[in-house]
Amino acid sequence: MSALLDIRNATLKFGGVVAVNDLSFTVEEGEVYAIVGPNGAGKSTVFNLISRFYDPFSGAITFDGNNLLDRKADEVADLGIARTFQNIELFEHATVLQNLLVGRHRHRRTTLVEEMLFTPRVRREEKRHREAVEEVIDFLDLQPYRNKMIAGLPYGVRKVVEVGRALATGPRLLLLDEPASGLSVEETQDMRWWIDDIRKQMGITVLMVEHDMGLVSGVSDRVLALADGAKLAEGTPAEVQSDPAVIEAYLGAGAA
Amino acid sequence: MRIHFKTSYEHDIRLFADWWSFFVYAALIVVAVALPWIMDEFYLGEVTNVLIWAIAGLGLMLLTGQTGQASLGHAAFLAVGCYANVIFMELGLPFLIAFPLAGIVTGIVGTIIAIPAIRMHGIYLAIATIALSILTDDLIVLLEPITNGVSGKFAPTITIFGIEIERWTTPDRFYWLVLAVTVLCTLAYRNLLRAPLGRAMAAVRDSEVSATAMGVHIARTKAASFGISCAITGLAGALMGFYAGAFNNETFSIVISITLLMMIVIGGLGSIHGAFFGAVVVAFLPQALSIAKDSIGGGSVAIPGLETGVFGLILILFIMFEPMGIYGRWMKIRIWFELFPFARKDMFKRQKSYLKTERLR
Ligand SMILES: Nc1ncnc2c1ncn2[C@@H]1O[C@H](COP(=O)(O)OP(=O)(O)O)[C@@H](O)[C@H]1O
Ligand SMILES: [Mg+2]
């Protein structure tokens, strides 16, 4: 069985900084794969490579047999890859419901003229989108916030809305960039159950960046430790945590 | 406080949230249609003017309020719509064809201009569109053979199925025509807002990165916004031509562009109501000022730039104290009354919950 996501010898430099250095790893269908590493290790950059926001200097990225490097950033969602952002990127001046409905954009079947006339077909499609979004709202317990503006929501809720928006796209691969950062202990616990259910109930593969080692070892099948854009160690959470190189890097960098 | 009991998703998709708002808007339409029997001709003309500005405001609102692209050149599209409409009518096309065609032509021109403009952001886009506004003046002069240059053109009389419509001789008919166009444009706008494209526009406005990650094609969405925005503005321009009776290269000046942008900011960016509130301010400010001037005894003294100055001052006050515009203020007052006496003072304070420093990292 070939991997769902395959990153091979990817390198990306920003000026003199090598953000991702000859990095290779694969994510199998159905697993939760975590990337850990100190700040500036290049974790978010890996996500941005997959999202096609950046072009790698060299290397290959394939998703389900498709060459991702042939796709533009706005075509990635169509392949079934959805993501969240480390510094929440929601649509601030819209409601939670509208944010989640934007997640359905890749399923848009209607044209501009039809939408201006709001034809019966548009109405039917809207109901279909709404049903899909309501499932996500139920799953993430977002009912109390459905018609609230993002601009007025607390941080913890925004984090969940962002996961919801990504789920609303109906992805096969979900990229979560630090889903638990800034969350309270209870909120982190919820996030843990959700990630578990996303994988088990929805059958969605998860690739996540996370600092909280409790969460990482709780949900992930495999962990990749990254330092200075290069692979330091890879394996089960226990293996990576006890890897001498990882311990060294963490203590050396002084970050947790 | 009204509570919506929803039995199906249909309720949220509907044009009106509940029977109450349906009745309010139905009553508004009835009053609007009956207005010529209620008001004298002078005020009917003023209301017509408000509606035309509101249509133009809707046009710019879609681009700026909904998609987040500031344009200081929208008078150019008023001009395109106005000239196109009159030229089509002079070529013998009936109004019912010339008018929508003028809108479509303006929309196409807008989309073509959008192609380079799409790459620009914020202030750069604003500057580029100022250039557009200035260029229009020159272009109209240069294209003298079709535009009549500085001597300008006169708006012909409209005939719809044998009924003649003219601003001065039949102000009631002209008002109804403008009202019909206003209602249609508002409906189209409203429909877009509750459909995928309208949401994609808001997505582009609020975060281009995450819109992209959701599969929204940024350039295409902006181009669509430019196109529809310019088409609506073009229709407003055509109506302005009829309202003014005569127009030339100076009619649609940069001042009009700036006024339009100020209007939607004062009215309330991003809302349909905002376009209408702003239009009321723009249309009645000159009158209010001259009345105020009369009452302090300076009626005969001409103060150059007074209107623009006061307008600018109002704009600054709004940006400082009520960035959501008149519509935002109105919503707050309404909610305050609905919750009375339970409204809290900090209810509308925005929660500052995180810093947007490292956007992608
Ligand atoms: N857009 C950018 N321009 C310049 N440097 C960048 C950019 N994005 C990331 N970097 C640099 O690349 C390195 C990796 O960053 P990042 O992937 O954000 O790390 P993290 O592992 O904390 O998510 C850092 O040194 C960062 O400063
Ligand atoms: Mg990061």
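First the proteins, then the strands, lettered A, B, ... as listed; each starts at 1. Reckoned from all heavy atoms, side chains included, excluding hydrogens, waters and symmetry mates.
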Answer whether the closest heavy-atom distance between the side chains of [X] and [Y] falls below 4.5 Å.
X         : Y         : answer
Arg205(B) : Phe91(A)  : no
Leu68(A)  : Ile50(A)  : yes
His107(A) : His129(A) : yes
Leu4(A)   : Val27(A)  : no
Pro179(A) : Lys159(A) : no
Gln98(A)  : Thr95(A)  : yes
His211(A) : Glu178(A) : yes

Pairs of heavy atoms under 4.5 Å with chain B: top-ranked of [options]:
options                                   : value
Ile81(A), Thr169(A), Asn99(A), Leu101(A)  : Leu101(A)
Arg108(A), Arg52(A), Arg106(A), Glu125(A) : Arg108(A)
Lys43(A), Glu126(A), Glu114(A)            : Glu126(A)

Item to check | Which of Ala200(B), Gly198(B), Ala213(B) touches chain A most, by non-hydrogen pairs under 4.5 Å | outcome: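 Top count of heavy-atom pairs under 4.5 Å with chain A: Ala213(B).
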
Item to check | Among the listed options Ala211(B), Gly270(B), Gly227(B), Ser210(B), the residue most often paired with chain A at heavy-atom distances under 4.5 Å | outcome: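 The option with the most such pairs is Ser210(B).
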
With only heavy atoms counted, which part of [X] is less than 4.5 Å from chain B, the side chain, the backbone, both or neither?
X         : value
Glu162(A) : neither
Leu97(A)  : side chain
Ala82(A)  : neither
Glu75(A)  : neither
Val76(A)  : neither
Arg104(A) : neither
Arg123(A) : both

Checklist entry - For Arg190(B), is it the side chain, the backbone, both or neither that has a heavy atom under 4.5 Å from a heavy atom of chain A? => result neither

Item to check | Part of Ile228(B) lying under 4.5 Å from any heavy atom of chain A | outcome: side chain

Checklist entry - Do Asn191(B) and Glu115(A) get their side chains close enough for a donor-acceptor pair, meaning under 3.5 Å? => result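 Their side chains do not contain a donor-acceptor pair, so the 3.5 Å distance test is not met.
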
Checklist entry - Going by atom types alone, do Arg83(A) and Ser51(A) pair a side-chain donor with an acceptor below 3.5 Å? => result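 Yes, Ser51(A) and Arg83(A) have a side-chain donor paired with an acceptor closer than 3.5 Å.
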
